[in-house]
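Contents: one structure, followed by commentary.
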Amino acid sequence: MTAIKVSRPRVMGVVNVTPDSFSDGGRFLDARAALAQAKQLIADGADILDIGGESTRPGATPVSEADELTRVIPLIAAIRAHSDVAISIDTMKPAVARAAMAAGATLWNDVAALRFAPDAPEVAAALGCEVVLMHMLGEPGTMQDAPAYDDVVAQVEAFLLARAQVALAAGVARERIWLDPGIGFGKTPGHNLALIAALPRFVALGYPVLLGASRKRFIAALDPRGAEANDRLGGSIAAHLAGAAAGVAAVRVHDVRETVQALAVWAAVRAVAVERGG
Ligand code: HH2
C-alpha cells in the first residue's frame with residue numbers, strides 16, 4: 001500500500017424528517033426512526049449529518065416554524081447526546097437555524113442562500129456558524145418551470161459570489177462560508193451536467209464547495225431505462241466521484257456507506273497515481 005494520503009471530500013449524510021422529501025419522504029418522520037437512521041449513517045461513516053424538516057421539492061407543502069422546530073430540534077439534541085458527529089441544519093428559517101445551533105449543530109445549510117428572510121445574513125453572522133450558500137433559480141415552487149440561463153455556469157457563479165458578499169458584509173467570517181451550485185434546483189439535466197463539469201471552476205473560487213447530486217432526477221434522464229429515486233445509487237456515486245476529482249469539500253448523500261466505500265477506492269487510486277508521478 002502507498003504511504004501517500006489523498007484527502008477525499010467529507011460525506012454529509014441526509015436525514016429528512018419530512019413526509020414528502022423526494023426520495024425518502026415519510027420514512028423517518030417518526031422521531032425514533034429518524035434517530036435510528038442518524039445512528040446508522042454515523043456507523044456507515046458519515047462525517048456530517050444534515051437534518052432537514054422541510055422538503056424543497058416543487059409542490060412540497062410549506063412547513064410552519066413551530067412544526068419544523070418540533071421535527072428537527074429534539075432529533076439534533078438526541079444525536080448530540082449520542083455522538084460528536086458534525087451536524088448541519090437544512091433550513092431556510094433563521095429561528096430554526098438558531099435553535100439548531102443551541103441544540104448542537106454547527107453548520108447552517110440554507111438552500112435559499114440567506115435570501116428568504118430579511119434577517120438571515122445577520123443571524124448567520126451572530127451565530128458564528130458555518131453556512132452553506134446554495135444556488136436555486138427563484139423559489140422551490142416554481143424553480144423547475146422551464147429553467148433557462150444564457151450561461152448557467154457563469155450565472156450560478158455570479159449568484160454565489162454575490163451571496164457570499166452579502167454574508168461577508170453582514171459579518172459572516174470568510175472561512176465559514178461554503179458554496180453549492182444547487183444541483184436540481186431550477187436546472188435541466190443539461191444545466192446540472194454543465195455545473196458538475198464546472199466544479200473545478202467553483203472550487204477555484206476559494207470557498208469549500210458542497211455537491212448534492214444524490215438520487216436527483218438528472219440521473220434518471222441519463223439512465224437508458226430511466227430510474228426511480230431509490231434506484232439512482234450508481235449515478236449518484238458517479239457524480240460525487242466527479243466532485244471528488246474536482247476537489248469539492250463535501251458531498252451530500254443519502255447512501256453513506258456506499259459513498260464512503262467509493263471515495264476510499266477513488267482516494268487510494270489517486271494516491272498511487274500521485275506516488276507514481278501521475
Ligand atoms: N438538495 C436537497 C436538499 N438540500 N442542500 C444543499 N446544500 N445542496 C443540495 O443539493 C440539497 C440540499 C434535496 O434533496 P433531499 O433533501 O433529499 O430532498 P427534499 O428537499 O425533497 O427534502
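Order of listing sets the numbers, starting from 1, for every ligand and every atom in it.
When heavy-atom distances to ligand 1 are checked against a 4.0 Å cut-off, D180 comes that close only through its side chain, counted from C-beta outward. The side chain of D90, and not its backbone, has at least one atom closer than 4.0 Å to an atom of ligand 1 (non-hydrogen atoms only; side chain from C-beta on). Neither the backbone nor the side chain of R215 comes within 4.0 Å of ligand 1, counting heavy atoms alone.
Here is the list of ligand 1 atoms found below 4.0 Å of a heavy atom in V111: 4 (N), 5 (N), 12 (C). Shown in contact with L210 at under 4.0 Å from a heavy atom are these atoms of ligand 1, numbered in order with element: 7 (N). Against a heavy-atom cut-off of under 4.0 Å, T56 is close to the following atoms of ligand 1: 19 (P), 20 (O), 21 (O).
Dense packing is recorded around CZ of R115, with more than 12 heavy atoms of other residues, nucleotides or ligands lying under 6.0 Å away. Within 6.0 Å of atom CD in E228, 12 or fewer heavy atoms from other residues, nucleotides or ligands are found, so the atom counts as exposed in its surroundings. Around atom CZ of R57, more than 12 heavy atoms belonging to other residues, nucleotides or ligands sit under 6.0 Å away.
Considering backbone and side-chain N/O of T18, none are found under 3.5 Å from N/O of ligand 1. Here's the thing with N109: one of its N/O atoms is less than 3.5 angstrom from an N/O atom of ligand 1. Considering backbone and side-chain atoms alike, N16 places an N or O below 3.5 Å from some N or O of ligand 1.
Two residues are said to be in side-chain contact when any heavy atoms from C-beta on lie closer than 4.5 Å; W178 and L107 meet this criterion. The closest side-chain heavy-atom distance from P94 to W108 is below 4.5 Å. Taking 4.5 Å as the limit, some side-chain heavy atom of D150 sits within range of a side-chain heavy atom of Q155.
For D180 and R163, the salt-bridge test fails: no basic side-chain N is under 4.0 Å from an acidic carboxylate O. The pair R232-D223 fails the salt-bridge criterion, with no side-chain N (NZ, NE, NH1 or NH2) lying under 4.0 Å from an Asp/Glu carboxylate O.
Nearest non-hydrogen protein atom to atom 10 (O) of ligand 1 is K216 NZ, 2.7 Å. If you check which protein heavy atom lies closest to atom 16 (O) of ligand 1, you get R252 NH2, 2.7 Å. Looking at atom 21 (O) of ligand 1, its nearest protein heavy atom turns out to be S55 OG, 2.7 Å. In terms of protein heavy-atom proximity, atom 22 (O) of ligand 1 is nearest to S21 OG, 2.4 Å. Ranking the protein heavy atoms by distance from atom 18 (O) of ligand 1 puts F22 CD2, 3.2 Å first. Nearest to atom 17 (O) of ligand 1 among the protein's heavy atoms is H254 NE2, 2.7 Å.
Annotation: the span from E68 atom CD to T91 atom OG1 amounts to 3.5 Å, rounded to 0.5 Å.
With hydrophobic clusters built from ILVMFWY side chains whose heavy atoms lie under 4.5 angstrom apart, V253 shares a cluster with L41.
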